[in-house]
Amino acid sequence: WAWSIANEIDSLSDVGNEFIQSNYEYIKSLDPNRYVSFASNRLYNEATLEKDASKYSDFIMMNQYYGSWAGPDDYTNLQESRLSQALDSIHKLYPDKMIVISEFGFDNQFAPSPEIADEMRSELLTNQLNVMRSKDFVGAAIFWIYADYRSPYFNLVMGLVDENRVPRGSYNVIRTEYSPVLFDSVSTDRDNFTPGQQVATGVTLRVRGPVQSDMPSYSIEGYTLHWEVMDSTQEMLYSKGDIQIPRLAPAESWTGVIDWVVPENDSFLLKLTVIRPTGVECIEKIMEFRNGALLYSVK
């Protein structure tokens, strides 16, 4: 849907501006109906915003690393954070252009230990996405990066999984944050549970939206609600089933009912998973039952 001219060039210089402008015009001559932009990492300083070649683009692509390479940021008040102020400054200069965060993330080198690094990465993910969601002119946010990797220049340790593809805690955080559909409520038709008892559980899902105040926000189609009743170790499966979720537009809700039987075990789980049409798990919720009562529920 768009052409990108370049990534992280010297877009404040005259040469950089000429390069982006000339390529913008050339690409438009070949394909006038598609958007053209480039990813800039020079949009941090309000004093130099007007010099950046982003003026020669149909929408803004901003690579931003507040909280790491761009220095610390305070999210105590999200709207007073440096990220929020930078986005507002860009929008003020280009009020008719959508902003896409083409990169954001956190490198381990900015943390005292690898364990703490992933906690900081997870916190940054949530905080920054909340800032971006509060701006109706921010259309998308692309996290950098899926997996750690080596390059000829340096090692990047900032992935959701390590170089051996072992997931970090931030993997589950971003899976939930990037899910287009969320669990709105889960309720059962009884408070006490005895073995062999029939139970009806109502599950209400809500698609993120409207698009002006949430992201990712898009219609879903072909999604499935998968449920499993299993022991507390998740090794023994008692029952399972699937419910097809109808097509839902942004901000729409849907409620389905799951009928299941309480197992003989005193301790068991009810696991709910929303699965994309591709078969990839989107978001999950686990409810634990012990001694005939719901112990706790986690997303």
Side-chain angles (χ1 to χ4, degrees), residues 1-71 73 78-79 81-106 124-125 128-146 151 153 156 158 177-178 180 208-218 250:
W1 59 275
W3 294 108
S4 178
I5 298 171
N7 178 66
E8 297 190 352
I9 66 168
D10 184 5
S11 54
L12 295 179
S13 67
D14 292 339
V15 173
N17 271 257
E18 193 280 328
F19 177 80
I20 296 298
Q21 182 181 21
S22 61
N23 275 279
Y24 177 89
E25 294 171 352
Y26 177 64
I27 293 169
K28 284 292 188 180
S29 72
L30 298 174
D31 188 355
N33 298 318
R34 205 181 306 269
Y35 293 118
V36 179
S37 187
F38 80 100
S40 175
N41 64 337
R42 307 300 176 98
L43 297 172
Y44 293 96
N45 190 341
E46 186 174 357
T48 59
L49 274 180
E50 293 189 29
K51 296 182 180 180
D52 190 78
S54 292
K55 62 175 72 74
Y56 306 114
S57 62
D58 294 322
F59 63 95
I60 308 297
M61 289 207 294
M62 179 189 191
N63 290 359
Q64 64 86 8
Y65 287 96
Y66 288 106
S68 56
W69 288 316
D73 201 356
L78 295 180
Q79 296 310 310
S81 66
R82 293 178 63 207
L83 171 60
S84 178
Q85 293 174 10
L87 291 172
D88 288 342
S89 295
I90 297 168
H91 180 59
K92 183 178 179 180
L93 185 61
Y94 301 113
D96 297 325
K97 293 186 179 184
M98 175 182 66
I99 298 176
V100 169
I101 305 300
S102 36
E103 287 185 27
F104 77 109
F106 185 84
L124 180 142
L125 263 167
Q128 291 202 355
L129 282 167
N130 284 336
V131 172
M132 298 172 205
R133 287 179 177 128
S134 72
K135 314 290 184 182
D136 60 4
F137 49 85
V138 177
I142 303 168
F143 180 78
W144 188 267
I145 188 171
Y146 171 67
S151 80
Y153 309 103
L156 282 178
M158 52 194 306
E177 291 289 351
Y178 274 47
R208 287 189 186 272
V211 294
Q212 295 87 352
S213 59
D214 205 353
M215 66 176 183
S217 183
Y218 50 86

Next on the checklist: If we ignore hydrogens and angles and just use 3.5 Å, is the side chain of Thr48 paired with the main-chain N or O of Lys51 as donor and acceptor?
Outcome noted: no

Checklist entry - Is the backbone of Pro210 close enough, under 3.5 Å, to the side chain of Asp214 for a donor and an acceptor to pair up by distance? => result no

Item to check | Closest approach of Gly16 to Ile9 (non-hydrogen atoms, all atoms of both residues) | outcome: O-CD1, 4.2 Å

Checklist outcome for this item: Smallest heavy-atom separation, Asp52 atom then Ser40 atom, equals OD1-OG, 3.0 Å

Item to check | Reported NZ-to-CE distance for the pair Lys97 and Met61, which is rounded to 0.5 angstrom | outcome: 12.0 Å

Item to check | Candidate pair Tyr65 and Glu103, rule side chain to side chain donor-acceptor pair (under 3.5 Å), full reasoning | outcome: CA-CA 8 Å; Tyr65 287 96; Glu103 287 185 27; 2.5 Å; yes

Checklist entry - Got a second to check how far Ile142's CD1 is from Met62's CE, nearest 0.5 Å? => result 13.5 Å

Checklist entry - Taking the six-membered ring for Trp, are the ring centroids of Phe104 and Tyr66 within less than 6.0 Å of each other? => result no

Item to check | Check against side-chain contact (heavy atoms from CB on, under 4.5 Å), Leu78 and Ser134 | outcome: CA-CA 9 Å; Leu78 295 180; Ser134 72; over 6 Å; no

Next on the checklist: Would the distance check show the side chain of Asn23 and the main-chain N or O of Phe19 forming a donor-acceptor pair, the cut-off being under 3.5 Å?
Outcome noted: yes

Next on the checklist: Using a 6.0 Å cut-off, check whether atom CG of Asp31 has over 12 heavy atoms from anything other than its own residue.
Outcome noted: yes

Next on the checklist: With heavy-atom distances below 4.5 Å as the criterion, would you say the side chains of Ile145 and Leu156 are in contact?
Outcome noted: no

Checklist outcome for this item: Nearest heavy-atom approach of Phe106 to Ser68 is CD1-CB, 4.1 Å

Item to check | Heavy-atom pair of closest approach, residues Met215 and Ala141 | outcome: CE-CB, 3.8 Å

Checklist entry - Going by distance alone, is a donor N or O of one side chain under 3.5 Å from an acceptor N or O of the other, for Asn63 and Ser102? => result yes

Item to check | Leu124 and Asp73, any side-chain heavy atoms less than 4.5 Å apart | outcome: no

Next on the checklist: Working note: Val138 + Val131, criterion side-chain contact (heavy atoms from CB on, under 4.5 Å); need CA distance, chi angles, decisive distance, verdict.
Outcome noted: CA-CA 10 Å; Val138 177; Val131 172; over 6 Å; no

Next on the checklist: Can you confirm whether more than 12 heavy atoms, excluding those of Glu46, are under 6.0 Å from its CD atom?
Outcome noted: no

Next on the checklist: Counting neighbours of OH on Tyr26 that are heavy atoms of other residues, nucleotides or ligands and sit closer than 6.0 Å, is the number greater than 12?
Outcome noted: no

Checklist outcome for this item: Here the gap from Ile60 atom CD1 to Phe137 atom CZ, rounded to the nearest 0.5 Å, amounts to 11.0 Å

Checklist entry - Does a side-chain heavy-atom distance below 4.5 Å link Arg133 with Glu177? => result yes

Checklist entry - Is there side-chain contact between Ser54 and Arg42, with at least one heavy-atom pair below 4.5 Å? => result no

Next on the checklist: Do Met132 and Gln64 have side chains that approach each other closer than 4.5 Å (heavy atoms only, starting at C-beta)?
Outcome noted: yes

Checklist entry - Going by heavy atoms in the side chains, are Val15 and Asp10 under 4.5 Å from each other? => result no

Checklist entry - Which value, rounded to the nearest 0.5 Å, describes the distance between Ser81 atom OG and Leu87 atom CG? => result 8.0 Å

Item to check | Sub-4.5 Å side-chain heavy-atom contact between Tyr94 and Lys55 | outcome: yes

Checklist entry - Side chains of Tyr35 and Ser57: closer than 4.5 Å at any heavy-atom pair? => result no

Checklist entry - Quick one: CG on Leu43 to CG on Asn45, what's the gap to the nearest 0.5 Å? => result 10.5 Å

Item to check | Gln128 CD to Phe143 CZ distance, which is reported to the nearest 0.5 Å | outcome: 9.5 Å

Checklist entry - Can you tell me if CH2 on Trp3 sees more than 12 non-hydrogen neighbours from other groups inside 6.0 Å? => result no

Checklist entry - Is the closest basic N to carboxylate O distance between Asp58 and Arg34 below 4.0 Å? => result no

Checklist entry - Can you name the nearest heavy-atom pair linking His91 to Ile99, along with the distance? => result N-CD1, 4.3 Å

Next on the checklist: For Gly209 versus Ser217, what's the shortest heavy-atom pair and its separation?
Outcome noted: CA-OG, 3.4 Å

